Colleague: 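Before I ask anything, here is the structure I am working with.
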Amino acid sequence: MQDSPVVAIVIGSQTDWETMRHAADTLDNLGVRHEVRIISAHRTPARMIAYVEPARERGLKVIIAAAGGAAALPGAIAALTPLPVLGVPMHGWAVQGMDALLSMAQMPAGIPVGTLAIGKPGAINAALLAAAILALDDADVAAALDRFRAEQADAVPETPSDAG
């Protein structure tokens, strides 16, 4: 069980992977074990139920779910599990992801989805938030997150350079 994933990244379609690979890369950099699955709330609902219902028993602790358009996937997953679900809205063709953002943010009371920013920033922040949740009980993840934050702070210069 030690090598089993603790975070799931669930994407609604293959096209979401271009964005969500940034979540996977961030988790890799932090040493957080994860897995990625393609599950559509609308096209593969039986696959979603079969994957999500036993998720906690398999050792998953956080689920990151990405979707665009109606963005039903994060909410449907949240309805099936008590695990924290972090939603990442994908850029859409019609309204640039605002439809997905609002769908995730307007969940009914009792079915929470922690909704992040649209696209790549949301993917990275979802991974960082998942790591922060895990860090509450995992000293290794806490140390990796502390290193990440220190490196991020060190990368910011105190004074501007002469870009002239």
Side-chain angles (χ1 to χ4, degrees), residues 1-68 70-90 100-101 103-105 107-152:
M1 194 93 163
Q2 181 69 0
D3 293 331
S4 63
V6 292
V7 175
I9 300 172
V10 181
I11 57 178
S13 68
Q14 178 64 44
T15 58
D16 297 338
W17 181 236
E18 181 179 341
T19 298
M20 293 309 293
R21 73 175 51 249
H22 299 287
D25 291 345
T26 301
L27 292 171
D28 284 338
N29 290 337
L30 295 170
V32 174
R33 299 176 318 279
H34 61 279
E35 63 187 20
V36 182
R37 296 291 185 273
I38 299 174
I39 299 172
S40 169
H42 299 113
R43 293 173 299 201
T44 63
R47 182 188 304 173
M48 179 183 62
I49 292 166
Y51 180 76
V52 173
E53 284 186 340
R56 182 166 56 173
E57 289 74 27
R58 289 192 316 107
L60 290 174
K61 297 182 187 249
V62 180
I63 298 175
I64 299 171
L73 184 62
I77 289 173
L80 293 169
T81 182
L83 293 174
V85 177
L86 307 177
V88 180
M90 296 291 96
L101 175 70
S103 291
M104 290 179 202
M107 290 299 299
I111 310 294
V113 172
T115 306
L116 286 296
I118 298 168
K120 180 181 175 182
I124 293 168
N125 284 340
L128 292 170
L129 186 55
I133 292 167
L134 296 171
L136 294 171
D137 292 319
D138 187 320
D140 292 336
V141 175
L145 199 54
D146 288 344
R147 281 190 301 277
F148 170 85
R149 290 178 180 268
E151 290 168 5
Q152 187 177 38

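Computation of the quantities below employed the complete heavy-atom set of this structure, encompassing side-chain atoms and omitting hydrogens, waters and symmetry-equivalent molecules. Quick caveat, the model's predicted, so the values are computed rather than measured.
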Colleague: Which heavy atom of Ala70 sits nearest a heavy atom of His42, and at what distance?
Modeller: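 Heavy atoms of Ala70 and His42 come nearest at CB-CE1, 4.3 Å.
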Colleague: Sequence neighbours left out, what passes side chain to side chain contact (heavy atoms under 4.5 Å, CB included) with Ala144? Give chain and number order.
Modeller: Leu30, Arg147
Colleague: Could you tell me if the side chain of Met20 sits less than 4.5 Å from the side chain of Val36, heavy atoms only?
Modeller: no
Colleague: Which pairs, with at least one residue in residues 37-47 and sequence neighbours excluded, count as a salt bridge (charged side-chain N to carboxylate O under 4.0 Å, His left out)?
Modeller: Glu35-Arg37
Colleague: As a test of understanding, state which of Leu60, Asp28, Ile64, Val62 forms a side-chain contact (heavy atoms from CB on, under 4.5 Å) with His34.
Modeller: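 One option only clears the test, and that one is Asp28.
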Colleague: What are the two closest heavy atoms between Ser40 and Gly12, and how far apart are they?
Modeller: CB-O, 3.8 Å
Colleague: Check Ala100 against Ala67 and note the closest heavy-atom contact, atom names and distance.
Modeller: CB-O, 3.6 Å
Colleague: For residues 107-123, tabulate all N or O donor-acceptor pairs below 3.5 Å that involve a side-chain atom, not counting sequence neighbours.
Modeller:
from   : atom 1 : to     : atom 2 : distance (Å)
Thr115 : OG1    : Met104 : O      : 3.3
Thr115 : OG1    : Val113 : O      : 3.2

Colleague: State the OH-OG1 distance between Tyr51 and Thr81, to the nearest 0.5 angstrom.
Modeller: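 Answer for the OH-OG1 pair, Tyr51 versus Thr81, is 10.5 Å.
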Colleague: What is the distance from atom CG of Leu27 to atom CG of Leu128, rounded to the nearest 0.5 Å?
Modeller: 8.0 Å
Colleague: Test side-chain contact (heavy atoms from CB on, under 4.5 Å) on Ile63 and Leu86 and set out the steps.
Modeller: CA-CA 6 Å; Ile63 298 175; Leu86 307 177; over 6 Å; no
Colleague: Does Thr44 have any side chain to side chain donor-acceptor pair (under 3.5 Å) partners at least two apart in sequence or in another chain, and if so, which?
Modeller: none
Colleague: Between Ala65 and Val85, what is the shortest heavy-atom contact and its length?
Modeller: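 Looks like CB-CG1, 4.4 Å.
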Colleague: Using 0.5 Å steps for rounding, measure from the CZ atom of Arg58 to the CD atom of Glu53.
Modeller: 12.5 Å
Colleague: Keeping the roles fixed (side chain from Arg33, backbone from Ser4), state whether a donor-acceptor pair exists under 3.5 Å.
Modeller: yes
Colleague: With a cut-off of 3.5 Å and sequence neighbours excluded, list every side-chain donor-acceptor pair involving residues 129-143.
Modeller:
from   : atom 1 : to     : atom 2 : distance (Å)
Asp138 : OD1    : Asp140 : N      : 2.9
Asp138 : OD1    : Val141 : N      : 3.0

Colleague: Closest approach of Ala76 and Ala41, non-hydrogen atoms and distance?
Modeller: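 Reported closest heavy-atom pair: CB-CB, 4.4 Å.
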Colleague: Please list all pairs meeting side chain to side chain donor-acceptor pair (under 3.5 Å) that have one or both residues in residues 14-27, counting only residues at least two apart or in different chains.
Modeller: Ser13-Thr15
